[in-house]
Amino acid sequence: MPEGHVLHRLALAFGELFGGHVVEVSSPQGRFAAGAELIDGWRLVATDAHGKHLFLGFAPPDAGVASEAARGEATGAGEYIALAQQGPGAEPAGLRWLRVHLGLYGSWTFDGDPEFHAPHSIGAPRRRVGEEERGLPSREAPSADGDGWQVPEPRGQVRARLVVGHGVADLTGPSACEIVDVAAKHAVHARLGPDPLRADGDVEDFVSRVRRRRRPIGDLLMDQSIIAGVGNIYRAEALYRARVHPWRLGVNVPPARLREIWHDLVALMTDGMDTGEIVTTDPHDRREENDHWYVYHRSGKPCLRCDSTIVEDLMANRRVFWCPREQRRPPRRAQA
DNA sequence: TTTCCATGAGAAT
DNA sequence: TTCTCCTGGAAAT
């Protein structure tokens with residue numbers, strides 16, 4: 001159940017660990033065999049993330065990066081383009097893109113030798129917050145006589161496996177894993193709203209998309225065509241921090257408050273991208289060290305700020321949490 | 001051992 | 001609105 005910060009974190013990790021390298025791509029499970037064949041032995045030259053979609057751009061191993069913009073930036077080993085961090089216009093043409101959506105249970109697990117920095121698993125379901133991101137221990141510890149790291153056997157249903165000389169990334173349980181061309185990639189971008197973690201994320205775009213809808217703000221924040229990357233935790237926490245009731249209609253939330261929510265999400269999700277975990281509580285509000293959230297999964301417990309009992313309800317079949325005192329009810333609740 | 005559930009989203013009804 | 005799919009950890013039995 002990774003939210004957008006995880007995908008951006010993954011895009012950065014893939015750039016650092018695989019960027020510029022020729023990658024061996026396979027599908028141990030078999031369900032991605034045809035797609036893997038299309039990029040097996042190709043070079044990772046670009047990464048991108050938008051909302052909960054991860055894109056890895058591959059070029060033929062001996063081709064330079066096609067576009068003018070990319071020249072000199074992604075031609076040698078270890079070099080690549082991180083598109084989410086750049087403005088529009090830097091996208092190389094002619095790449096084959098691996099598009100991955102982790103859905104409910106997808107995760108990437110990394111392993112590698114000590115040179116392959118930071119083996120870790122990102123996006124794994126049910127990860128307890130605060131738990132250190134940690135990968136599988138290498139099966140083969142480096143030994144004194146020069147035996148190096150060995151690629152471990154796939155563990156579980158590995159849909160896709162990416163291998164470079166010094167490390168491996170295994171993908172399990174994605175809801176989407178496919179090879180797309182640049183046109184299909186652009187179609188994905190087109191149906192997504194602005195992403196607080198992208199360089200081209202535009203707060204006014206977000207505001208105007210929300211203000212057009214007579215739907216609860218809690219529902220709109222989960223709609224990827226309104227704002228991309230926000231999931232159930234960031235939705236609940238951002239509304240709490242802005243003191244907005246989840247059922248207030250988007251059209252009734254003042255633009256200034258929406259801007260506040262956006263900028264708060266930029267800060268919270270950037271922190272999540274940097275640390276790998278979602279922490280939304282201010283330090284002085286924490287009563288225990290692991291009080292990472294104000295309302296998410298805290299129904300029945302006291303509000304960290306006012307001691308009111310946190311409540312929950314279903315909104316579009318997803319649990320939504322709020323504090324009835326910090327987030328006052330709207331004058332009239334939206335009809336379910 | 002089995003059941004339940006989850007940071008998701010698209011299709012079917 | 002309900003169903004469905006992908007997986008695995010925790011809770012329930």
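So that the names make sense, note that chain A is the first sequence line, chain B the second, and so on, each numbered from 1.
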With a 4.0 Å limit, can you tell me whether A/Arg319 has a side-chain N or O closer than that to the phosphate oxygens OP1/OP2 of B/dA6?
yes
What interatomic distance, in whole Å, is found between P of B/dT1 and the corresponding atom of C/dC6?
24 Å
Interatomic distance, A/Ile278 CD1 vs B/dA6 C1' [rounded to whole Å]
13 Å
According to ring-ring contact (aromatic ring centres under 6.0 Å, His included), who are the partners of A/His101, at least two apart in sequence or on a separate chain?
A/His53
Please measure how far the P atom in B/dG10 lies from the corresponding atom in C/dG8, and state the result in whole Å.
23 Å
Count the heavy atoms of every other residue, nucleotide or ligand shown that sit under 6.0 Å from CZ of A/Arg214, and state whether that count exceeds 12.
no
Heavy atoms under 4.0 Å, any strand shown: does A/Arg235 hit a base, just sugar-phosphate, or nothing?
nothing
Without decimals, in angstroms, what is the distance between A/Asp170 CG and C/dT7 P?
13 Å
A/Asn317 side chain, from C-beta outward: closest of C/dT2, B/dG8, C/dT7
C/dT2
With sugar-phosphate meaning primed atoms plus P, OP1 and OP2, does A/Tyr296 contact a base, only sugar-phosphate, or nothing at under 4.0 Å between heavy atoms?
sugar-phosphate
Determine: side-chain N/O of A/Gln157 to OP1/OP2 of C/dG8, distance under 4.0 Å, yes or no.
no
Are A/Arg31 and C/dC6 close enough that a side-chain N or O sits under 4.0 Å from OP1 or OP2?
yes
Reckon A/His53 touches a base, only the sugar-phosphate, or nothing at all at heavy-atom distances under 4.0 Å?
nothing
Using the side-chain hydrogen bond (donor to acceptor under 3.5 Å, both in side chains) criterion, which residues pair with A/Arg235? Sequence neighbours excluded.
A/Asn232
Side-chain N,O (A/His101) to OP1/OP2 (B/dA9) below 4.0 Å
yes
Can you sort out the partners of A/Phe14 under ring-ring contact (aromatic ring centres under 6.0 Å, His included), two or more places apart, ordered by chain and number?
A/Phe18, A/Trp108, A/Phe110
Decide yes or no on ring pair (Phe, Tyr, Trp, His ring centres under 6.0 Å) for A/Trp322 and A/His245, but give the supporting numbers first.
CA-CA 7 Å; A/Trp322 72 94; A/His245 194 285; 4.9 Å; yes
What integer distance in Å separates A/Leu102:CG from C/dG8:P?
13 Å
Could you tell me how far apart A/Leu192 (CG) and B/dG10 (C1') are, to the nearest whole angstrom?
14 Å
Protein-nucleotide distance (A/Leu54, atom CG; B/dG8, atom P), rounded to Å:
16 Å
Taken in chain and number order and not counting sequence neighbours, the residues that satisfy side-chain hydrogen bond (donor to acceptor under 3.5 Å, both in side chains) with A/Arg213 are none
Rounded off to whole Å, could you give me the OH-to-C1' distance for the A/Tyr105 and C/dC5 pair?
6 Å
Residues which pass ring-ring contact (aromatic ring centres under 6.0 Å, His included) with A/Phe55, listed by chain and number, not counting sequence neighbours:
A/His189
From the options C/dC6, B/dG8, B/dA6, select the nucleotide whose nearest atom is closest to the side chain of A/His297.
B/dA6
Please report the distance, rounded to the nearest Å, between CD in A/Glu178 and P in C/dC5.
19 Å
How many angstroms lie between CZ in A/Arg211 and CG in A/Leu249, if you round to the nearest 0.5 Å?
11.0 Å
Can you tell me how far P of B/dA6 sits from CH2 of A/Trp293, to the nearest Å?
12 Å
So what does A/Glu237 hit on the nucleic acid, given a heavy-atom distance under 4.0 Å: a base, only sugar-phosphate, or nothing?
nothing
Of A/His5 and A/Arg191, the one whose nearest nucleotide on DNA chain B sits closer to the 5' end is A/His5
With C1' as the reference atom in both, quote the distance from B/dA9 to C/dG9 in angstrom, rounded to an integer.
22 Å
Residues of residues 218-232 of chain A with any non-hydrogen atom less than 4.0 angstrom from an atom of DNA chain B: list those, numerically ordered, please.
A/Met222, A/Gln224, A/Gly231, A/Asn232
